[in-house]
Amino acid sequence: MSQSPGMILFHGSAMYRERMALPQGSTLSVSLLQMSVGGTRMLAQVSGLPATHSPVPFAFSVPRTLLQSGYAYALSARITDAQNHALWVQAAPATVDHAVADESVTLWLVRAAAVPAAQPAPMAAAPVSAPAPTQRGPAYVIAEGREPQWSARIYGLGAARSLHTSIGHDNPLRQSHVKVERQRLNSGVVVYTTADGFISLTISPGACRLRGSKKVLAWRAVLETPAASYRGCARGFP
């Protein structure tokens, strides 16, 4: 695979030993983790890869500057069904040597300890929980930009607020984050920040027009990630 010198490619397959097909609608997600004494951080993730049987191929690229000396890095994979229930997971993240560029890796998965079974709803009152992803409704903030193409969407309110991002055109890197904090600053600026402080979306008032579009939007947007900052426009009710 040809690769830009400024990028590092992670690719390979996620596998399980049993010979069995996966339910229709199953998908694979693979995360790049930064490991340290202070904890684990997710640097990047590719998700929604169609999974029908083992092995399931994956590939995604990140800037080499994102991986710093002094840290260990690992890949973590999981296969979920159409309802986002875990089917196959890694017992532990697989350490990768980022100094060795673009090596193919195999991620071995084991059967998830417990897969929720479809059961009738209990008659007793159940604790209130955040809405399921398929019931989150329309996004109330949509930000996007060009060169590179990216988008960010905010769903839900309060504890149920989530941020969903997509970066890239042909093979976009998609990530979903829950427990997103909202902060209103002076002059109408609103900042959404993930619980780990890893990604933020800043919305500020001001006329904005995307390249190639004649429509003028009322908000400007900046998506901040460890890899880069992405500028664009936003619409909705931040």
Side-chain angles (χ1 to χ4, degrees), residues 6-8 10 27 29-36 38-49 58 60-68 71-78 80 84 93 96 98 130-131 133 136 138-169 171-185 188-205 208 210 217 219-238:
M7 305 291 287
I8 183 168
F10 292 98
T27 57
S29 63
V30 181
S31 302
L32 173 63
L33 308 176
Q34 183 186 72
M35 321 285 284
S36 68
T40 301
R41 301 175 64 190
M42 184 178 72
L43 297 184
Q45 182 185 70
V46 59
S47 59
L49 301 176
F58 68 88
F60 64 98
S61 299
V62 299
R64 292 183 183 274
T65 54
L66 186 62
L67 281 68
Q68 305 169 6
Y71 292 94
Y73 295 90
L75 294 176
S76 179
R78 59 188 280 142
T80 56
N84 203 35
V96 293
H98 64 281
R136 62 179 177 236
Y140 66 88
V141 174
I142 301 176
E144 57 186 327
R146 311 276 170 82
E147 298 180 1
Q149 183 170 314
W150 66 271
S151 67
R153 296 169 182 260
I154 299 289
Y155 297 90
L157 300 172
R161 185 181 291 115
S162 60
L163 168 65
H164 301 255
T165 62
S166 175
I167 300 174
H169 183 268
N171 184 26
L173 172 64
R174 296 187 175 92
Q175 299 187 63
S176 298
H177 305 271
V178 296
K179 298 182 179 179
V180 175
E181 298 178 359
R182 177 182 181 273
Q183 183 180 14
R184 180 175 288 277
L185 306 179
V189 176
V190 177
V191 181
Y192 297 94
T193 308
T194 56
D196 57 6
F198 191 59
I199 291 179
S200 67
L201 175 66
T202 301
I203 308 295
S204 57
C208 185
L210 292 171
L217 302 177
W219 300 89
R220 298 171 182 170
V222 178
L223 179 66
E224 294 277 359
T225 76
S229 297
Y230 303 93
R231 298 183 179 276
C233 304
R235 59 186 184 273
F237 304 93

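Note that the coordinates shown come from a computational prediction; the quantities given were computed from them, not determined experimentally. Heavy-atom basis, side chains included; hydrogens, waters and symmetry copies ignored.
With sequence neighbours left out, the side chain to side chain donor-acceptor pair (under 3.5 Å) criterion links Ser31 to Gln45. Taking Thr194 as the reference, Asp196 meet the side chain to side chain donor-acceptor pair (under 3.5 Å) condition, with sequence neighbours excluded. With sequence neighbours excluded, the residues satisfying salt bridge (Lys or Arg N to Asp or Glu O under 4.0 Å) with Arg235 are Glu144. By the side chain to side chain donor-acceptor pair (under 3.5 Å) test, Arg161 pairs with Tyr140, sequence neighbours left out. With sequence neighbours excluded, the residues that form a ring pair (Phe, Tyr, Trp, His ring centres under 6.0 Å) with Phe60 are Phe10. Residues meeting the side chain to side chain contact (heavy atoms under 4.5 Å, CB included) test with Ile167, sequence neighbours left out: Trp150, Leu223, Thr225, Tyr230. Under the rule for a side chain to side chain contact (heavy atoms under 4.5 Å, CB included), the partners of Arg78 that lie at least two apart in sequence or sit in another chain are Ser29, Thr80, Ala86, Val89. Taking the side chain to side chain contact (heavy atoms under 4.5 Å, CB included) definition, one finds that Arg174 meets it with Ser47, Ser166, Pro172, sequence neighbours left out.
Side-chain atoms of Lys179 and His177, non-hydrogen and from C-beta on, never get closer than 4.5 Å to each other. Residues Leu32 and Leu75 have side chains in contact (heavy-atom distance under 4.5 Å, counting atoms from C-beta outward). When side chains are defined from C-beta on, Leu163 counts as touching Ile154, because their heavy atoms get closer than 4.5 Å.
Counting non-hydrogen atoms of neighbouring residues, nucleotides and ligands closer than 6.0 angstrom, the CZ atom of Arg146 exceeds 12 such neighbours.
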Assess whether side-chain contact (heavy atoms from CB on, under 4.5 Å) is satisfied between Tyr73 and Leu43, documenting all intermediate values.
-> CA-CA 10 Å; Tyr73 295 90; Leu43 297 184; 3.5 Å; yes
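Taken from CE in Met42 to CD1 in Ile199, the straight-line distance is 6.5 Å, to the nearest 0.5 Å.
Inspection of the Tyr192 and Glu181 side chains reveals no N or O donor paired with an N or O acceptor under 3.5 Å.
Side chain of Arg64 to main chain of Met7: a donor-acceptor pair is present (N/O by atom type, distance under 3.5 Å, no hydrogens or angles).
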